[in-house]
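To keep things clear, I will list the structure first and then write my remarks on it.
Note that this is a predicted model, so its numbers are computed, not measured. Computed over heavy atoms, backbone and side chain alike; hydrogens, waters and symmetry mates excluded.
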Amino acid sequence: MSELTNKEIAGMLRELAGLLEINGENRYRVRAYYNASRKIMESSEDLKKLAKEGRLKEIPGIGEGIAATIREIFENGYCPPLEEIKGELPTGVLELIQIPGLGPKRAHQLFYELGIQDVADFKRALEQGRIRKLKGFGPKTEENLLKALQEYERYREAILLFQALNYSEEILNYLRKGKDVIRVARAGSLRRQKELIGDLDILVASKNNRGVMEYFTAWPGVQEVLLQGESKTSIITDEQVQVDLRVVSEEEFPAALQYFTGSKEHNLRLRERAKKFGLKLNEYGLFKGEKRLKLEREADIYQALELDYIIPELREDRGEIAAAARGNLPESVSLEDIRGDLHMHSRFSDGAHTIEEMVEAARARGYQYLAITDHSQSLRVAHGMTPETLEEEMKEIDRLQEKYDDITILKGIEVDIDYDGSLDYSDEILSRLDLVIASIHTGFNQDREQITTRIIKAMENPYVNIIAHPQGRILKKRRAYDLDLERIIKRAAETGTCLEINASPYRLDLDDLSVKRAREEGVKIAINTDSHHINEFADMALGVAVARRGWLEKDDIINTMEIDDLLKFLNWRG
DNA sequence: GCCGTTTTCGGCCCGACTGTTTTCAGTCG
């Protein structure tokens, strides 16, 4: 048996799905492969283990056929049906359907009628005017494809959640001033608060669609109008962000908001369920035959389908509809549940503010507590503190604690985990702190086994309370370290170590799926901003978004505790 | 290929927009 990861298996199935799709295979069969691929990506179960134990079909979306394919993959080290289809259809063709406006049917035509094998071939054929001669292609299509190709080559990147939130606020503000605009809302992945946002989806209620469309396309940030119809307009902004605007009537607004929020897979499941109830769900409403059911709010749709209300953050087809039907959705944590912030930096290391300024900012947010966790000595680039500086810092905290009786200032540290898993301060020093966060800032390129055992060794230190940014990723910049997160989670559960959701907009680490996994193992989570400036305290909302997407409840999170409970928790641990 | 609060077989979401169609296919979300 070969050593293939879930990700590699998922990749093979995805590739197989794409090639089958281009070859005109039954679309439900194609969907089954895509779906299985996605479910495997989202699963924390080791496929190889499942295969050995004959339990592959426990993953929803994997049945007899795909289970057999997966077993074949493990036996051969490659995917036989995939290799077979590759003999006929080169994989380069798959890239073609990444180009907007080019789907499986046209890719099929391009390959079988013009021998186009990849994007480079496609570009040449376009320039030579060979495309327009195909049946179903005309000069207009050619022109659009040329534009789409240029767009594709420029590669419009997804933007970070906080950028999308800020940018959309600008657009929303503009829209709110429109005279025909009655209501405005964010939708799509933006409303679901995904960590990366491809395009901004915005919904407007109005009695005058055309008026809103004209007003929208007159926004100064519009660089190009991609498409414009009665109810839908798409534009590209001068910052290369695509914005899709949908306009509906007030009456249609709840159903439109549900539809436009997605995810696509969630909507699919929901519409299937509606069908079972003898109803039809679309973006205009919920219908029984011709009759439109009265909807005041989006929640009424879920109610009509005998489901508890599902918050947007959970709408990813990760089991939320079944949970809502059984009445055991999580009671999702909210920002108001947060009682303090347990990871931040002051001027004692690389922060911008004095501890007192940070205390004031924490009080202004209504927190009961905060933990000052500056860097330890070996992290020179961040002015890591010597034991002597830490000593001074503790004295300063004592002094401030005298002054403030309405907030608790925890003496903390973000101690570096060394290459071999030992910590940057002695146990004697750590024992005198209220809170110890351990994290990795060096040696990112160690192999999987080294990094994993390194973190596990740190967790086994009885003074360590939290592992910060456990995966070490920087969104769009640095991949997570090669890490056996499953082992980390299991060991965290055993040692009672918390894992962090680092709420920095550039990190959001742990990610939502890992958080969900940690919760299933009973690991406690701390949502921390890792602030280096008091403005960053507001990032807490982003961390909470990740927690909500990760199915967390208030009780899964330590910084929702009242101060007395938190102190007990930390002492028990320490 | 998957799946089951009408089913182990017969279903599998639904509509907008575009361009090329002479009534609709392809793509997208």
Side-chain angles (χ1 to χ4, degrees), chain A residues 13 16-17 20-22 24-39 56-70 81 96-110 131-145 147-148 187-190 192 198-201 203 209 213 225-234 242-248 252 255-256 258-287 305-307 317 321-322 325-326:
Chain A
L13 293 177
L16 180 56
L20 287 170
E21 189 178 24
I22 292 171
E25 180 60 72
N26 175 299
R27 65 195 174 107
Y28 298 108
R29 186 170 172 231
V30 170
R31 188 168 111 185
Y33 279 110
Y34 276 126
N35 188 49
S37 169
R38 184 171 62 86
K39 290 295 183 188
L56 283 170
K57 283 166 71 180
E58 286 178 17
I59 294 183
I62 295 183
E64 204 58 67
I66 293 181
T69 305
I70 293 171
L96 293 175
I97 62 175
Q98 300 300 316
I99 298 169
L102 249 189
K105 294 284 163 53
R106 284 171 166 175
H108 181 273
Q109 215 179 342
L110 291 174
I131 301 290
R132 82 186 81 153
K133 297 191 182 117
L134 292 174
K135 186 158 171 273
F137 290 74
K140 194 75 196 179
T141 301
E142 183 184 71
E143 190 190 322
N144 286 342
L145 285 174
K147 255 201 271 181
S189 54
L190 187 58
R192 301 200 310 279
D199 44 40
L200 308 180
D201 295 320
L203 182 66
N209 285 17
M213 297 305 186
V225 179
L226 293 175
L227 63 87
Q228 187 165 17
E230 278 294 305
S231 68
K232 197 171 149 181
T233 293
S234 293
Q242 180 171 334
V243 185
D244 298 333
L245 178 77
R246 189 93 187 215
V247 186
V248 297
E252 292 160 347
Q258 194 291 314
Y259 153 75
F260 211 24
T261 297
S263 67
K264 196 177 156 188
E265 290 79 11
H266 173 89
N267 287 354
L268 199 74
R269 302 283 169 233
L270 207 60
R271 288 173 176 197
E272 280 171 359
R273 186 174 176 92
K275 212 164 186 175
K276 281 185 194 145
F277 279 69
L279 303 170
K280 184 178 74 169
L281 177 63
N282 62 25
E283 56 262 59
Y284 301 112
L286 188 59
F287 299 88
L305 299 176
E306 295 177 18
L307 296 170
D317 187 29
I321 290 181
R326 291 192 307 263

What's L268(A) touching, base or sugar-phosphate or nothing? Going by heavy atoms closer than 4.0 Å.
base
Rounded distance in Å - CD (Q109(A)) to C1' (dT27(B))
14 Å
Whole angstrom is fine here: how far is it from CD in E283(A) over to C1' in dA16(B)?
7 Å
Could you give the distance separating dC3(B) and dA16(B) at their P atoms, to the nearest angstrom?
31 Å
Taking atom C1' in both dG1(B) and dT5(B), what distance in whole Å separates the two?
24 Å
Does dC13(B) have OP1 or OP2 under 4.0 Å away from a side-chain N or O of N267(A)?
no
Quantified in whole Å, what is the P atom distance between nucleotide dG26(B) and nucleotide dT20(B)?
14 Å
Expressed as a whole number of Å, how far does the C1' atom of dT6(B) sit from that of dG11(B)?
13 Å
Under 4.0 angstrom between K275(A) side-chain N/O and dC14(B) OP1 or OP2:
yes
Give a yes/no on whether any side-chain N or O of K280(A) is located under 4.0 angstrom from OP1 or OP2 of dG15(B).
yes
With side-chain contact (heavy atoms from CB on, under 4.5 Å) as the criterion, how do I321(A) and L270(A) come out once you've worked through the C-alpha distance, each side chain's angles and the decisive distance to 0.1 Å?
CA-CA 8 Å; I321(A) 290 181; L270(A) 207 60; 4.0 Å; yes
Euclidean distance, atom NZ of residue K232(A) to atom P of dT27(B) [Å, nearest integer]:
15 Å
Could you please name the partner base of dT8(B), counting Watson-Crick and G-U wobble pairs only when both distances are under 3.5 Å?
none
Please report the distance, rounded to the nearest Å, between CG in L203(A) and C1' in dG29(B).
14 Å
The side chain of S231(A) lies closest to which of these nucleotides: dC12(B), dA16(B), dG29(B)?
dA16(B)
Write down the distance separating the C1' atoms in dC17(B) and dT21(B), rounded off to the nearest Å.
15 Å
Do the side-chain N or O atoms of T141(A) get closer than 4.0 angstrom to the phosphate oxygens (OP1, OP2) of dT18(B)?
no
Salt bridge check: are E21(A) and R27(A) linked by an N-O gap of less than 4.0 Å?
no
Give R31(A) one of three labels, base, sugar-phosphate or nothing, depending on what nucleic acid heavy atoms sit under 4.0 Å from its own.
sugar-phosphate
From CG (L307(A)) to CZ (R273(A)), nearest 0.5 Å:
4.0 Å
With nearest nucleotide decided by heavy atoms, which residue, K57(A) or E142(A), maps closer to the 5′ end of DNA chain B?
K57(A)
Is dT7(B) in the syn range, within 90° of 0, or in the anti range?
syn
Using a cut-off of 4.0 Å on non-hydrogen atoms, how would the nucleic acid contact of I99(A) be classed: base, sugar-phosphate, or nothing?
sugar-phosphate
Take atom C1' in dT7(B) and the same atom in dC2(B), then report the distance between them in whole Å.
13 Å
Between dG4(B) and dC13(B), how far is it from one P atom to the other, in whole Å?
14 Å
Look at S234(A) and dC17(B) and indicate whether a side-chain polar atom (N or O) is within less than 4.0 Å of OP1 or OP2.
no
So what does P139(A) touch, heavy atoms closer than 4.0 Å: a base, only the sugar-phosphate, or nothing?
sugar-phosphate
Give the nucleotide from the list dG26(B), dG29(B), dG1(B) with an atom nearest to the side chain of Y259(A).
dG29(B)
Salt bridge or not between E272(A) and R269(A)? Use side-chain N to carboxylate O under 4.0 Å.
yes
How is R246(A) classified with respect to the nucleic acid when contacts are heavy atoms under 4.0 Å: base, sugar-phosphate, or nothing?
sugar-phosphate
Here the distance between atom P of dG15(B) and atom CG of N209(A), to the nearest Å, is 17 Å
Does R271(A) make a side-chain N or O approach to OP1 or OP2 of dC13(B) shorter than 4.0 Å?
no
Length of the line joining R106(A):CZ and dT21(B):P, which is rounded to integer Å
11 Å
If you measure from CZ on F260(A) to CG on L245(A), what distance do you get to the nearest 0.5 Å?
7.5 Å
Phosphate OP1/OP2 of dC3(B) contacted by Y28(A) side-chain N/O (<4.0 Å):
no
Rounding to an integer number of angstrom, what distance separates dG10(B) and dC28(B) when you compare their C1' atoms?
28 Å
Figure out the CG/C1' separation between L110(A) and dT27(B), and round it to whole Å.
14 Å
Walking DNA chain B from its 5' end, the first of L281(A) and P60(A) to be reached, judged by nearest nucleotide, is P60(A)
So what does F260(A) hit on the nucleic acid, given a heavy-atom distance under 4.0 Å: a base, only sugar-phosphate, or nothing?
nothing
Take atom CG of L245(A) and atom C1' of dC17(B), then tell me their distance rounded to the nearest Å.
15 Å
Nearest-nucleotide pick for I66(A), side chain only, options being dC2(B), dC12(B), dC14(B):
dC2(B)
OP1, OP2 of dG19(B) versus side-chain N and O of N144(A): anything below 4.0 Å?
yes
Strictly below 4.0 Å, N to O, side chains only: are K264(A) and D317(A) in salt-bridge contact?
no
Select base, sugar-phosphate, or nothing to describe what K264(A) touches, counting heavy atoms under 4.0 Å on all strands.
base
Looking at every strand, decide which applies to L102(A) at a 4.0 Å heavy-atom threshold: base, sugar-phosphate, or nothing.
sugar-phosphate
Kindly compute the distance separating OH (Y259(A)) from CG (N267(A)), expressed to the nearest 0.5 Å.
8.0 Å
From I66(A) CD1 over to L56(A) CG, what is the distance, rounded to the nearest 0.5 angstrom?
10.5 Å
Given dA16(B), dG1(B), dT20(B), which nucleotide is nearest the side-chain atoms of K140(A)?
dT20(B)
